[in-house]
Amino acid sequence: MKKNVPLAIVLVLGVLFAVQYFVPSRLSQRLYDTTLEWDIIISIPALAIAVDSLVRHHVVRIRQRRKGWGYSWVYLGAAAVMTAIGFSGGISEGGLFMNLFTFALAPMQSTMFAILAFYMTSAAYRAFRARSPEATVLLLSAFVVMLGLIPVGAALWRGLPGLSEWMMQVPNMASKRGITFGIGLGSAATILKIILGLERSWLGGSE
Amino acid sequence: MTMSTDPWVWLAALLSLFIFSYLYKDNPLFKFAEHLFTGLSVGYLIVIYYNNIVRSYLLNPVLADHRWVLLVPFAIGLLYLFRFIPKLSHLMLIPIAITLGIWNGIALPLTIEADIIRQMQGTMINTSMFRNPWDPYTGLAVGILIAVGVICTITYFFFSREHKGALKVSAHIGIWFVMIGFGASFGYTVMARVSLLIGRLQFMFTEWIHLIK
Amino acid sequence: MKFLIALSKIDRRVVYLLLALAVVVPMIVSFNVRFHVDRSTRDLFEAVDRIPPGGQPLMLVFDYDPQIMPELDPMATAILRHCFARGIRVVGVTTGAQGAALGERAMARAAAEHGKRIGEDYCYFGYKLFLSMIYFGENARRALPVDHYGRPFDSLPMMRGIRNYDDIPLVIDLAGSSILNSWIVYMGARYHVRLGAGVTAVMAPDFYQFLQTGQLAGQLSGMKGAAEYEQLVVERGYAPAKGLASRAMNAISASHLLLIALIVMGNVGYFAARRAKPKNPQGGA
């Protein structure tokens, strides 16, 4: 019973809304309209679950005095301070909340990704080898695209940017489309399995 | 060469340096910045979510417009909170099931249309291709090349049968297309990663140290 | 031979330093270059340019966060400059919480440059759930009840007459994740929304298939796409000078050349080492 009711809900709503697409009557349209608005509101309390999972790990780490527990105070303190500032001072541009976003959060987050450039360069230098004919094609394709993207490429050979663009729009596109077909069919199959109750991992537990 | 006198710019620069320090090795300054950043983002999420979602879709319509009916979906959403009561945690599955049902129902025909049917249409040889058969983007020759590329790529990822005979040839051609695609992706990834570094260094050398005009 | 083998054994810190120099030096020694504009960029530019000034608004979706801001912020700025200089109204929104701050800043800056007024020339709705944007296809007023600053939809003059996506001639999603695919699937297939995209370079190769089928009207690919758009905006007289992306292209050129050189050196060292290796008498690899 505990699991049959949710499975029945998924089946009924899944079939209903899949069919609704093909039956654009006023009634079905109204149902669709109301459901969308309601689902926005249903999702609101889910934030509490998200915040809980983000905070719980650090609370446990502090309680158990696990390695690096001091940093968990930094995490919880930052979260609490940012929340308090946002609720008390508002979120307008130029305020303390937005300044903390612009001059603390944003620089750290973007630097975190900026350092990837170093690792990528080092890894490509160490591992990108023309070991086989296939790897050589990959390497040449990468060179053409990289040179085609920059003005120096056009200086080397005027046709290079055009060749690079053609590679993106024809052979690259064909291969990505082949992969998209697989993803599309896989997604459709997974959706059907969820609607029909064959895929039950979302129920949790052993099923 | 001068330096910024704005304390906010200094804060941004120092925190960026803390993160950059990881390039040397993991260290307490990096760890401090890492935890500060994740903590700030949780606080930011809570405030923005409340301001832009909770107030807009629930509090204002109910309290200002008196649309009391919206308390029904909110009550359903509150079932999520039973997660914290282990004995009743199965009730949390109700809002999850509603959302899953709606999303999957809506998504099924749309995914088939956007990711399968439209892609099949784009792969088919059509009469317009005969008008200028050698056009490098819309001509017949390219149309055939795209069709071959797509079919061969699919066969390369088809593992339900052993790659023998025609399937082997097709899969082998597929690998070449896949390699060109991956090579192109690599080329673009290089640009993407370097762009992020440029963005950061542009800030450091434009706004913090006034080295670049 | 030893020298050739050594080419593939450069210390990682030296590689890091070389990359840092390849990025910083071209930023200091600035030079202006013209570059090839891709069809996908030109298509997006033309799609924006065809929107009648002062009429129905373009929707710009800031689906990105600070980690990919250097690629997508210049796109947002170039598109906004184009729109505002041409008198096209803009509705800004994001389905990512962190995009809310970035979108607000980009819109406020561009609007200030062109003397545009909020509510009349542009609106900013900030962070909304993706579900809200699907709902926009049914009922714009209920989907975006208030803007980012708490002003009701009905009090915004330029939103009068906007019922759903039928009244939005073009939606441009600036994205760094698979959210763009969701826009194509949900809004493109269901509401036949005319979609354009600005994507990070990592994602760009995956979306050419949607350009070919017409599911995307045009696409900007990474920093290069932003630089191309900036070039078109200047060439058509909508802005006096190019922006950040064009300046960054010099650094991208240098870093690409460095990486190609490093990969070639690595391969030379690899093959030299393979040649130098004594052959296994048993014939093993």
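By convention in this document, chain letters (A, B, ...) are assigned in the order of the sequence lines, proteins followed by strands, and residues within each chain are numbered from 1. Since this is a predicted model, take the numbers as computed values, not measurements. Any value given below was found using the heavy atoms of this structure, including those in side chains, with hydrogens, waters and symmetry copies removed.
The choice from A:I183, A:T35, A:D52, A:L54 that makes the most heavy-atom pairs within less than 4.5 Å of chain B is A:D52. When the candidates A:L192, A:L149, A:V19, A:L185 are compared by the number of heavy-atom contacts under 4.5 Å with chain B, A:L149 comes out ahead. Contact count against chain B (heavy-atom pairs under 4.5 Å) is highest for A:I44 among A:V145, A:I9, A:I44. Listed options A:M112, A:K2, A:M146, A:R177 were ranked by heavy-atom pairs under 4.5 angstrom with chain B; first place goes to A:R177. Heavy-atom pairs under 4.5 Å with chain B were tallied for A:V5, A:L13, A:T111; the largest tally goes to A:T111. Top candidate by heavy-atom pairs under 4.5 Å with chain B, chosen from A:L11, A:I85, A:I91, is A:I91.
Neither the backbone nor the side chain of B:V148 comes within less than 4.5 Å of any heavy atom of chain A. At a 4.5 Å heavy-atom cutoff, the contact between B:T123 and chain A is made by backbone and side-chain atoms alike. In this structure, chain A has a heavy atom under 4.5 Å from the side chain of B:R67, while its backbone stays farther away. Only the side chain of A:E37 comes within contact range of chain B, judged by heavy atoms closer than 4.5 Å. B:E113 touches chain A through its side chain: at least one heavy atom from C-beta onward sits under 4.5 Å away, while N, CA, C and O do not. For a residue to count as touching a neighbouring chain, one of its non-hydrogen atoms must lie under 4.5 Å from one of that chain's; by this rule B:L91 does not touch chain A. Both the backbone and the side chain of B:Y22 come within contact range of chain A, judged by heavy atoms closer than 4.5 Å. With a 4.5 Å cut-off on non-hydrogen atoms, B:F203 does not touch chain A at all. Looking at B:W103, only its side chain comes within 4.5 Å of chain A, counting heavy atoms on both sides. For B:L45, the part lying near chain A is the side chain, with the backbone staying farther off; criterion is any non-hydrogen pair under 4.5 Å. Of the atoms belonging to A:I195, it is side-chain heavy atoms, and not backbone ones, that fall under 4.5 Å from chain B. Heavy atoms closer than 4.5 Å to chain A are found in both the backbone and the side chain of B:Y44. Heavy atoms closer than 4.5 Å to chain A are found in the side chain of B:Y50, but not in its backbone. If you measure heavy-atom distances from B:L78 to chain A, the contacts under 4.5 Å come from both the backbone and the side chain. Both the backbone and the side chain of B:L11 come within less than 4.5 Å of a heavy atom in chain A. Both the backbone and the side chain of B:P28 come within contact range of chain A, each with at least one heavy atom under 4.5 Å from a heavy atom of that chain.
Using cut-offs of 30° and 60° on the angle between ring planes, the pair B:H163 and B:F159 is parallel.
A:R61 and A:S72 share a donor-acceptor pair across their side chains, judged by distance under 3.5 Å alone. One side chain, B:S185 or A:K176, offers a donor N or O that lies under 3.5 Å from an acceptor on the other. A donor-acceptor contact closer than 3.5 angstrom is absent between the side chains of A:S187 and B:D115.
Of all heavy-atom pairs between B:V9 and B:E207, the closest is CG1-O, 3.5 Å. Between B:L70 and B:P61 the shortest heavy-atom distance is CD1-CB, 3.6 Å. The heavy-atom pair separating A:W166 from A:P171 by the smallest distance is O-CD, 3.5 Å.
Within 6.0 Å of CH2 in A:W73 there are 12 or fewer heavy atoms belonging to other residues, nucleotides or ligands.
When atom types are taken as modelled, the side chain of B:R161 and the backbone of B:F158 share no donor-acceptor pair closer than 3.5 angstrom. A distance-only check finds a donor-acceptor pair linking the side chain of B:H35 to the backbone of B:K31 [under 3.5 Å]. Between the side chain of A:S164 and the main chain of A:G148, no donor-acceptor pair closer than 3.5 Å is present.
Using a 4.5 Å heavy-atom cutoff, the side chains of A:L31 and A:L16 are in contact.
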